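By convention in this document, chain letters (A, B, ...) are assigned in the order of the sequence lines, proteins followed by strands, and residues within each chain are numbered from 1. No hydrogens, no waters, no symmetry mates; every other heavy atom, side chains included, goes into these values. No experiment lies behind these values; they were computed from the predicted model shown.
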Protein chains: 2
Amino acid sequence: MKKVQLEHAEALESGLVDIGRAMQASGVSAKMIRHYEEIGLLGNVARTAANYRIYSAQHVHVLRFIKRARTLGFSMEEIRELLGLWQDRRRSSASVRKIATHHIDELQAKIAELQGMLGTLQQLVHCCAGDHRPDCPILDDLAEYEPAHDAI
Amino acid sequence: MKKVQLEHAEALESGLVDIGRAMQASGVSAKMIRHYEEIGLLGNVARTAANYRIYSAQHVHVLRFIKRARTLGFSMEEIRELLGLWQDRRRSSASVRKIATHHIDELQAKIAELQGMLGTLQQLVHCCAGDHRPDCPILDDLAEYEPAHDAI
DNA sequence: GGTCGACCTTACTACCGTGGGAAGGTCAAG
DNA sequence: CTTGACCTTCCCACGGTAGTAAGGTCGACC
């Protein structure tokens, strides 16, 4: 097992890319690429003799996978699982679907929460004159709101 | 200007409360009450001779204000501004309304973003068999998605 | 008095994902 | 040889909350 250390120019000619190109190709910042490596999402990343990171096409593919998953709001932990399933040929689509539906539930809960806030605020803003006078139902709500005491 | 240091029992008799009671009365954890003091939202907080924090009814009122504002999703910076306006008798309701409408815009943007994620995910989940087989449109999307190249 | 449990204090750590910046090494082109 | 773009590592920040550790203090009870 010889460890072959490529020079920078050499590496780029063999279809490998440096972090700048990986960044362009994936849309993930260099900062985050290093971070994803550090938390173990990229596996082994080669280095040139000068210690520069060198990425294979597969690495870039993983980065684009992560980027897309982040865009869909998956957490890093979920992404870790999804990557594992992606690379496992014996996975079941059910296991992927389970993660996705769980994430859908979270999204729906979050949306409901935000819509609750939004509704209340819209009501308050609607009632607020919004002029030079100090009287303000918004502040009144914040100052005087009493939580419903459902609990004993 | 004598600095009168009250004893614990003495203080509680004068309508002042310790952090535990402030926590119960406001719904804000002791941890966060100290934090809010540290970042300057509570002003001067008195201490007993034994260095325990002692809160006035006004302090508790501020804490409930903060609690309610957090429930509506305002950021700490926005809450700082709202508190300032609340305590300013010459405020205009327009200035409060402005903060609130800005927050409404943020909420709407966030909701739209989450709904975008949700829609895409629901579509993908809908297309996924979710059985023992490995074929999975969800993973396919994550792995092969190409961002639209609107930019040059 | 002594002791117990509940409460308080400060100070540090972590979470999540991202960005900023310092201080230094390396590349390729002029 | 210099320049400027790029790379390296390392540390810090955000926002808001929670956890933990090590210690001081309260009231109540024996």
Show me the protein contacts with nucleotides 1-6 of chain D, counting only N or O atoms at under 3.5 Å.
none

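- A salt bridge does not link B:E144 to A:R68: none of the charged nitrogens lies less than 4.0 Å from a carboxylate oxygen.
- We find that B:E37 and B:R34 are not joined by a salt bridge, their nearest charged nitrogen and carboxylate oxygen being 4.0 Å or further apart.
- Put simply, CE on A:M23 is 10 Å from C1' on D:dC7, counting in whole angstrom units.
- For A:D105, the CG atom is densely surrounded, since the number of other residues' heavy atoms within 6.0 Å is greater than 12.
- Contacts of A:R34 with the nucleic acid, taken as non-hydrogen atoms under 4.0 Å apart, include base atoms.
- An OP1 or OP2 oxygen of D:dC7 is reached within less than 4.0 angstrom by no side-chain nitrogen or oxygen of A:R53.
- Other residues, nucleotides and ligands place no more than 12 heavy atoms under 6.0 Å from the CD atom of A:Q123.
- Listed pair A:R47 / D:dT9 meets the phosphate criterion, a side-chain N or O lying under 4.0 Å from OP1 or OP2.
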Write down the protein N/O and nucleotide N/O pairs, taken from nucleotides 16-20 of chain D, whose separation is under 3.5 Å; answer none if there are no such pairs.
unit_1, atom_1, unit_2, atom_2, d
D:dG16, OP1, B:R70, NH1, 3.3
D:dG16, OP1, B:M76, N, 3.2
D:dG16, OP2, B:M76, N, 3.3
D:dG16, O3', B:R70, NH2, 3.1
D:dT17, OP2, B:Y36, OH, 3.0
D:dG19, N7, B:K31, NZ, 3.0
D:dG19, O6, B:K31, NZ, 2.6
D:dT20, O4, B:K31, NZ, 2.3

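- Remark: P of C:dT18 and CD of A:E38 are 14 Å apart, rounded to the nearest angstrom.
- Remark: P of C:dA6 and CZ of B:R21 are 15 Å apart, rounded to the nearest angstrom.
- Note: the hydrophobic cluster containing B:Y145 does not contain A:L72 (ILVMFWY, side chain heavy atoms under 4.5 Å, direct or indirect links).
- Side chains of A:K67 and A:M32 form no contact here, defined as non-hydrogen atoms less than 4.5 Å apart.
- In this structure a side-chain-to-backbone donor-acceptor pair under 3.5 Å is present from B:R91 to B:W86.
- Residues meeting the salt bridge (charged side-chain N to carboxylate O under 4.0 Å, His left out) test with A:D131, sequence neighbours left out: A:R133.
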